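Just so it is clear, the values below take in all heavy atoms, side chains as well, and ignore hydrogens, waters and symmetry mates. Both counts, for ligands and for their atoms, begin at 1 and track the order of listing. On a predicted model such as this, the values are computed, not experimentally measured, just so you know. The chain is numbered in sequence order, starting from 1.
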Amino acid sequence: MSVPVYIALLHTHVTNRNGAQVTTAVTNMDIHDIARSARTYNAKGYFLVTPILDQHELVERILGHWKTEKSKAYHPDRVEAVSLVRMVKTFDEVKAAILAEQGELPEVVLTDARPIPNSMSYGDYRRELSEAKDRKKPVLLVFGTGWGISDSFYPEVHRILAPVYGPGGKEGYNHLSVRSAVAIILDRLFGI
Ligand SMILES: C[S@@+](CC[C@H](N)C(=O)[O-])C[C@H]1O[C@@H](n2cnc3c(N)ncnc32)[C@H](O)[C@@H]1O
């Protein structure tokens, strides 16, 4: 993959079952499983976005475990994946970090299980990214927690990916865990 790719998991600007905007808690599985997908598909970084400082402390404690010599010796693969994780308080911090690393702000790509107007297919975006050999603009794939990303986040968005559907198509069940959604979407865009 020549285009620099990043992943953000939002715990803010997401909704609850009633459609109200809420802040969600970070889950342990999301840290590890998404980090492993990120590493497999050569993502440059995986941002966990939450304004809650207690959550930062908790996650840093978990990440600290993976920095010990024992973990490095026993689980080198997991340590390598988890090293991609970065805790930030706001989405602005995500953009600033990518700008500092890549010299360009990212193209922000929204994912959602629901259809949103003006979305693009995986095939089209995959083709666009693979054909743009000199492209420098990083891609930032954004995923939600709770009941998905709130429309209050939409002003940040440049591109929207169509929902992933199973064999049931648009009428079928497609409420994936965020961990599965990340893996499927990375594979559709960058898998071989
Ligand atoms: C709504 S949250 C659900 C979080 C939940 N706590 C879980 O089980 O992981 C799941 C996120 O994964 C992505 N997602 C889930 N299903 C999807 C689909 N069918 N197509 C595209 N993205 C999907 C979206 O980013 C969505 O915001």
Side-chain angles (χ1 to χ4, degrees), residues 5-41 43 45-52 54-55 58-59 62 81-82 84-88 90-91 94-95 98 106-126 128-129 138-191:
V5 175
Y6 292 82
I7 294 168
L9 181 61
L10 300 186
H11 297 84
T12 173
H13 290 289
V14 292
T15 59
N16 66 10
R17 64 172 71 235
N18 302 317
Q21 200 174 303
V22 291
T23 302
T24 53
V26 176
T27 71
N28 200 12
M29 280 189 300
D30 288 349
I31 305 172
H32 297 99
D33 292 359
I34 293 176
R36 292 206 223 185
S37 295
R39 179 64 194 94
T40 300
Y41 291 90
Y46 164 35
F47 294 90
L48 291 168
V49 187
T50 173
I52 302 178
D54 282 356
Q55 296 275 294
L58 179 71
V59 176
I62 293 168
V82 168
L84 292 174
V85 177
R86 311 192 204 169
M87 288 299 290
V88 292
T90 64
F91 192 70
V94 177
K95 292 191 294 184
I98 296 174
E107 178 167 72
V108 177
V109 183
L110 181 77
T111 66
D112 204 294
R114 298 157 297 189
I116 298 174
N118 302 318
S119 66
M120 60 190 169
S121 75
Y122 294 90
D124 284 351
Y125 198 42
R126 181 185 174 102
E128 181 182 322
L129 294 178
V139 168
L140 174 58
L141 298 172
V142 182
F143 295 86
T145 55
W147 261 251
I149 296 170
S150 151
D151 56 13
S152 65
F153 182 74
Y154 290 5
E156 296 283 4
V157 173
H158 303 117
R159 311 290 291 271
I160 303 165
L161 278 168
V164 170
Y165 292 116
K170 291 182 180 164
E171 307 306 322
Y173 182 96
N174 79 332
H175 300 285
L176 295 161
S177 75
V178 67
R179 299 167 296 286
S180 301
V182 172
I184 291 169
I185 289 171
L186 284 173
D187 194 64
R188 285 187 174 191
L189 294 177
F190 307 112

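Looking at R188, its side chain never comes within 3.5 Å of a backbone N or O of S121 through a donor-acceptor pair. Formation of a donor-acceptor pair under 3.5 Å by the T111 side chain with backbone atoms of V142 is found in this model. Within the 3.5 Å criterion, the main-chain N or O of A20 finds no donor-acceptor partner in the side chain of N18. The backbone N or O of L10 lies less than 3.5 Å from a partner atom in the side chain of T145, making a donor-acceptor pair.
At a 3.5 angstrom cut-off on N or O pairs, V142 does not count as close to ligand 1. Considering both main-chain and side-chain atoms, V164 comes within under 3.5 Å of ligand 1 through a nitrogen or oxygen pair.
Remark: I62 CD1 to H32 NE2 distance equals 6.5 Å, nearest 0.5 Å. In this structure, CH2 on W147 lies 7.5 Å from CG on N16, to the nearest 0.5 angstrom.
Close contacts between ligand 1 and G146 involve ligand atoms 1 (C), 2 (S), 3 (C), 4 (C) [criterion: under 4.0 Å to a heavy atom]. Counting atoms of ligand 1 from 1 in the listed order, those under 4.0 Å from a heavy atom of G148 are 1 (C), 27 (O). Shown in contact with P163 at under 4.0 Å from a heavy atom are these atoms of ligand 1, numbered in order with element: 20 (N). Listed by atom number, the atoms of ligand 1 under 4.0 Å from T111 heavy atoms are 24 (C), 25 (O). Those atoms of ligand 1 that come under 4.0 Å of a heavy atom in N174, given as number and element, are 16 (N), 17 (C), 18 (C), 19 (N). Each of the atoms 7 (C), 8 (O), 9 (O) of ligand 1 lies under 4.0 Å from some heavy atom of S177. Distances below 4.0 Å separate heavy atoms of R179 from the following atoms of ligand 1: 9 (O). Within the listing of ligand 1, atoms 25 (O) sit less than 4.0 angstrom from a heavy atom of F143.
By the criterion of a heavy-atom distance under 4.0 Å, neither the backbone nor the side chain of Y165 is placed next to ligand 1. Residue A181 touches ligand 1 through its side chain alone, judged by heavy-atom distances below 4.0 Å. Using a 4.0 Å cut-off between heavy atoms, D112 contacts ligand 1 through its backbone alone, with no side-chain atom that close.
Scored by the salt bridge (Lys or Arg N to Asp or Glu O under 4.0 Å) test, D187 finds no partners at all (sequence neighbours excluded).
Looking from atom 18 (C) of ligand 1 to the surrounding protein, the closest heavy atom is A113 CA, 3.5 Å. Looking from atom 9 (O) of ligand 1 to the surrounding protein, the closest heavy atom is V178 N, 2.9 Å. In this structure, atom 15 (C) of ligand 1 lies nearest to the protein heavy atom L176 O, 3.3 Å. Distance from atom 11 (C) of ligand 1 to its nearest protein heavy atom, with residue and atom name: G144 O, 3.3 Å.
By the 30° and 60° cut-offs, the orientation of the rings of F153 relative to H13 is tilted.
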Would T50 and Q55 count as a side chain to side chain donor-acceptor pair (under 3.5 Å) if you check the C-alpha gap in whole Å, the side-chain angles of each, and the deciding distance to 0.1 Å?
-> CA-CA 7 Å; T50 173; Q55 296 275 294; 5.2 Å; no
Check the pair V22 / V14 against side-chain contact (heavy atoms from CB on, under 4.5 Å), numbers first and verdict last.
-> CA-CA 6 Å; V22 291; V14 292; 4.3 Å; yes
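Heavy-atom separations between A162 and ligand 1 are all 4.0 Å or longer.
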For residues 158-172, which side-chain N or O atoms pair as donor and acceptor with protein atoms under 3.5 Å away, sequence neighbours left out?
{"unit_1": "H158", "atom_1": "ND1", "unit_2": "V108", "atom_2": "N", "d": "2.9"}
{"unit_1": "R159", "atom_1": "NH1", "unit_2": "E107", "atom_2": "OE2", "d": "3.3"}
{"unit_1": "R159", "atom_1": "NH1", "unit_2": "E128", "atom_2": "OE2", "d": "3.0"}
{"unit_1": "R159", "atom_1": "NH2", "unit_2": "E128", "atom_2": "OE1", "d": "2.9"}

